[in-house]
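Reviewing the structure listed below.
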Amino acid sequence: MIANAALALNHGWSPRITKEETKVMIGSPELKIIDVRKPISWAGSSSKIQSAVRRDPGDLQWIEKYHFDQTLVMYCDCPNEATSANVAQELRIRGYEKAYALRGGWNEWRDAKYPVQNK
């Protein structure tokens, strides 16, 4: 993980978190997993990461539901985590210092057979 988030943001890069790091935290009240897949991808899937909530990546009003000290992990199924990285970067700009994009996104999580649930 990046020790200096401000430096990362200045270079247009959003911090990533691995599926292994995220899996270990499942069940922790401080972890919030947020599905920001595009509507067509969301609609075409019957499952999501365990305990994830679906949020619109184009309208970030939902962020007010979360506390600044929570760990927020966004995931999508875009190449290079494009959508989740953009959302994580915007949240960091807004003061959420523990906002991350899930490295490898939905596809790597699913392929690793990590915990999922029906939508």
Side-chain angles (χ1 to χ4, degrees):
M1 288 190 241
I2 296 295
N4 187 340
L7 179 63
L9 291 175
N10 289 337
H11 290 94
W13 185 84
S14 208
R16 305 300 203 267
I17 190 169
T18 67
K19 62 186 179 292
E20 294 84 7
E21 291 169 310
T22 303
K23 182 183 175 198
V24 169
M25 292 189 293
I26 285 184
S28 167
E30 78 171 42
L31 175 68
K32 302 301 178 192
I33 302 174
I34 304 169
D35 186 317
V36 293
R37 287 181 282 177
K38 299 210 175 181
I40 195 161
S41 295
W42 170 255
S45 176
S46 62
S47 55
K48 62 180 185 167
I49 292 178
Q50 181 181 322
S51 76
V53 295
R54 168 82 175 120
R55 300 288 185 229
D56 182 350
D59 179 6
L60 298 182
Q61 290 182 5
W62 50 263
I63 194 56
E64 297 170 4
K65 297 179 180 195
Y66 300 100
H67 300 285
F68 287 103
D69 60 342
Q70 291 178 304
T71 300
L72 307 174
V73 176
M74 272 60 63
Y75 73 92
C76 62
D77 60 358
C78 305
N80 301 312
E81 305 86 45
T83 299
S84 56
N86 286 338
V87 172
Q89 185 173 24
E90 179 60 31
L91 296 185
R92 284 191 173 245
I93 289 168
R94 294 179 186 204
Y96 292 85
E97 295 179 5
K98 295 194 267 180
Y100 301 94
L102 179 64
R103 184 177 289 127
W106 166 246
N107 296 325
E108 278 196 26
W109 185 275
R110 183 197 58 220
D111 293 349
K113 300 191 184 326
Y114 280 5
V116 299
Q117 66 185 68
N118 291 333
K119 296 192 302 188

Rounded to the nearest 0.5 Å, what's the gap from [atom1] on [X] to [atom2] on [Y]? Could you check?
X	Y	atom1	atom2	value
L102	W109	CG	CH2	6.5 Å
M74	Y100	CE	OH	10.0 Å
R110	D77	CZ	CG	8.0 Å
D69	K98	CG	NZ	6.0 Å

If a pair satisfies side chain to side chain donor-acceptor pair (under 3.5 Å) and one of its residues is in residues 42-54, list it, with sequence neighbours excluded.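 Non-adjacent pairs meeting side chain to side chain donor-acceptor pair (under 3.5 Å): R37-S45.
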Can you hop from [X] to [Y] via hydrophobic side chains spaced under 4.5 Å?
X	Y	result
F68	V53	yes
Y114	V116	yes
Y96	V36	yes

Taking C-beta and beyond as the side chain, do [X] and [Y] meet within less than 4.5 Å on heavy atoms?
X	Y	answer
Y75	D35	yes
T22	I49	no
V87	R55	no
P57	K38	no
I26	I33	yes

Atom CD of residue position Q61 - does it have more than 12 heavy atoms of other residues, nucleotides or ligands inside 6.0 Å?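 No, not enclosed.
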What do the steps show when you test R94 against L60 for side chain to side chain contact (heavy atoms under 4.5 Å, CB included), and what is the final call? CA-CA 11 Å; R94 294 179 186 204; L60 298 182; 3.9 Å; yes
May I have the step-by-step check of side-chain hydrogen bond (donor to acceptor under 3.5 Å, both in side chains) for E81 and S84, ending in yes or no? CA-CA 5 Å; E81 305 86 45; S84 56; over 6 Å; no
Kindly say whether A82 contributes a backbone atom to a donor-acceptor pair with the side chain of N80 at under 3.5 angstrom? no
Is the side chain of K19 donor-acceptor paired with the backbone N or O of R103 at a distance under 3.5 Å, no angle test? no
What closest approach, in Å, do I17 and E21 show between heavy atoms, and which atom pair accounts for it? CG1-OE1, 3.3 Å
Cationic tip of K32 above Y66 ring, under 6.0 Å, 45° of axis: no
